[in-house]
Amino acid sequence: MPQTTSIYKKSIGILGGGQLARMLVLKARQMGLHTIVLSEKISDPAARVSNRWVKGKISSVKDIKKLLKLSDVVTFESEFIPAELLQKSTKGKRTKIYPNLVCLGRLQDRLHQKELLFDNDLPTLGHVKVNSKEEIELAYQAFNHRMVFKKRMGGYDGYGTFVIRNQSELNSFKTHFKGQESQFIIEPLIQFKSEKSLIFARSATGQIVSLPMIQSVQTNNQCDYVIGPVKHPAEAKLRRQITELLNKINYVGVIAFELFDMGQELVINEIAPRVHNTGHFSQDALNADQFELHLRCILGLKLPEIETLHKAFVMVNLLGQSTRNPLIKKFPTGELHWYEKTENRSRRKMGHINYVGRNKKDLLKRALTERKGILL
Ligand SMILES: Nc1ncnc2c1ncn2[C@@H]1O[C@H](COP(=O)(O)OP(=O)(O)O)[C@@H](O)[C@H]1O
Ligand SMILES: [Mg+2]
């Protein structure tokens, strides 16, 4: 590990080269910080903009060790690198990994995450753990033939989420995942009013700040756009409960809570221990964005008080539609954040656009109109 004195001489290692890593790198560079990205291809979105790039796999102990050796502090853009693998890689090394590996281990598995929420009295949907075809059948009866299978590890953007509404959907799930039952949890399929999210940042010093609550709209179980700020009667209590939890588990970094708005109640759908798609609005709507907050957290810097600079904001994702080379056909009036991905594919996140102004409805109308036909 390099011997350094100033924050500005510290090297921040990032595991992964996707868009979240890229936006961390871009912010770090703006702040005068030094970044090193570990990823497979030099054309990866974050590798293109980082001060230094290490070629390798985030699933390889050898490659992770290489990154650790070069870095003073390491963070990640995906919660799905097994915590045990990182533990193995850090043996005997002084480099810190944030969020810490105990938190990561508990949050990366949907079953352990649920248990953490239950143990701490945070509101979430009930769930069952299943090990056999018979137990699945029992759950199907208990949840009134409407339920959702969720992959314990590695699910994102709806990949890993399987909705069951009738016997034929159940049969096809059982055929497809025969013998893999224990890799899933089951939740009841519910009807919510809307989906919301709350994003918090906790510094290594223990200071906590949070972003305004937003509403997110998913298409095919994947975030399509975000509107904010929004309010909810259960928000203040939930914010207090989340703050307590983060202090208790000594969480360091940005963390996102995806919520179901049930009317009077807010329940936590899932937790992502990282910067999050529903927090991208912060780049243009707040005085400090989630990427800066995450960097400040892992370096133990003071967090600024969060100010919302506009009465209304909207973020729309640009999702791949074809396999043609991704290119922008026309420029929007909103702030375009482009990830420079070299390959396009259906539903792949290629970029996003932030709109700020005074009226949510007007912004959303403009955003959805401009988004049409923007990608080649
Ligand atoms: N129990 C549920 N009832 C109804 N819809 C659900 C349920 N769980 C998830 N969904 C829908 O599927 C989406 C993706 O599920 P989520 O658990 O967030 O997994 P992922 O990790 O893929 O984001 C959610 O945003 C929501 O729209
Ligand atoms: Mg989700």
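Counting starts at 1 for both ligands and their atoms, in listed order.
- Close approach of ligand 1 to E258 (heavy-atom distance below 4.0 Å) involves ligand atoms 18 (O).
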| query | When you look at S197 and H276, which way does the side-chain hydrogen bond (donor to acceptor under 3.5 Å, both in side chains) test go after all the steps? | reply | CA-CA 10 Å; S197 105; H276 195 257; 4.9 Å; no
| task | Decide ring-ring contact (aromatic ring centres under 6.0 Å, His included) for H127 and F143; before the verdict, give the C-alpha distance in whole Å, the side-chain angles of both, and the deciding distance to 0.1 Å. | result | CA-CA 10 Å; H127 70 278; F143 288 138; 9.5 Å; no
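- Taking the six-membered ring for Trp and the full ring otherwise, the centers of Y339 and H352 sit less than 6.0 Å from each other.
- Per-residue contacts place G155 under 4.0 angstrom from the following atoms of ligand 1 (heavy atoms of the residue considered): 21 (O).
- E258 has its closest N, O or S atom to the Mg ion (ligand 2) at the position named OE1.
- Residue I190 has at least one nitrogen or oxygen atom sitting less than 3.5 Å from a nitrogen or oxygen atom of ligand 1, judged on distance alone.
- A donor-acceptor pair under 3.5 Å is formed between the side chain of E169 and the backbone N or O of R165.
- The ring of F80 has its center no closer than 6.0 angstrom to the ring center of Y156.
- Distances from the Mg ion (ligand 2) to the N/O/S atoms of E270 are shortest for OE2.
- The CG atom of L318 lies 4.5 Å from the CD1 atom of I353; values are rounded to the nearest 0.5 Å.
- Checked against Q283 for a side-chain contact (heavy atoms from CB on, under 4.5 Å), the options M315, K27, H337 give a single hit: H337.
- Under 4.0 angstrom from ligand 1, there are no non-hydrogen atoms of C223.
- When only interatomic distances are considered, the shortest N/O to N/O separation between G158 and ligand 1 falls below 3.5 Å.
- Between the Mg ion (ligand 2) and D157 there is no N/O/S contact shorter than 2.8 Å.
- Assignment of A272 to the shell around ligand 1 is not supported, since no heavy atom sits closer than 4.0 Å.
- To the nearest 0.5 Å, atoms CZ (R274) and OG (S78) are separated by 7.0 Å.
- Close contacts between ligand 1 and L189 involve ligand atoms 3 (N), 4 (C) [criterion: under 4.0 Å to a heavy atom].
- Within the set K150, E187, R110, E195, the minimum heavy-atom distance to atom 9 (C) of ligand 1 is found for K150.
- Ring centroid separation for the pair F149 and F177 does not come in under the 6.0 Å cut-off.
- Close approach to L125 involves these atoms of ligand 1, each under 4.0 Å from a residue heavy atom: 1 (N).
- Contact annotation for D157 and ligand 1: only backbone heavy atoms (N, CA, C, O) come within less than 4.0 Å of the ligand.
- For N221, heavy-atom contacts with ligand 1 shorter than 4.0 Å involve the backbone as well as the side chain.
- Nearest protein heavy-atom neighbour of atom 6 (C) of ligand 1: F260 CZ, 3.8 Å.
- Of the listed residues (L259, D261, T278), just one forms a side-chain contact (heavy atoms from CB on, under 4.5 Å) with M213, and that residue is L259.
- For the atom pair CD (E340) and CZ (R48), the distance works out to 4.5 Å, reported to the nearest 0.5 Å.
- Close contacts between ligand 1 and T161 involve ligand atoms 15 (O), 19 (O), 22 (O) [criterion: under 4.0 Å to a heavy atom].
- Scanning the protein for heavy atoms near atom 20 (P) of ligand 1, the closest one is E270 OE2, 3.3 Å.
- In terms of protein heavy atoms, atom 5 (N) of ligand 1 is closest to F192 CE2, 3.6 Å.
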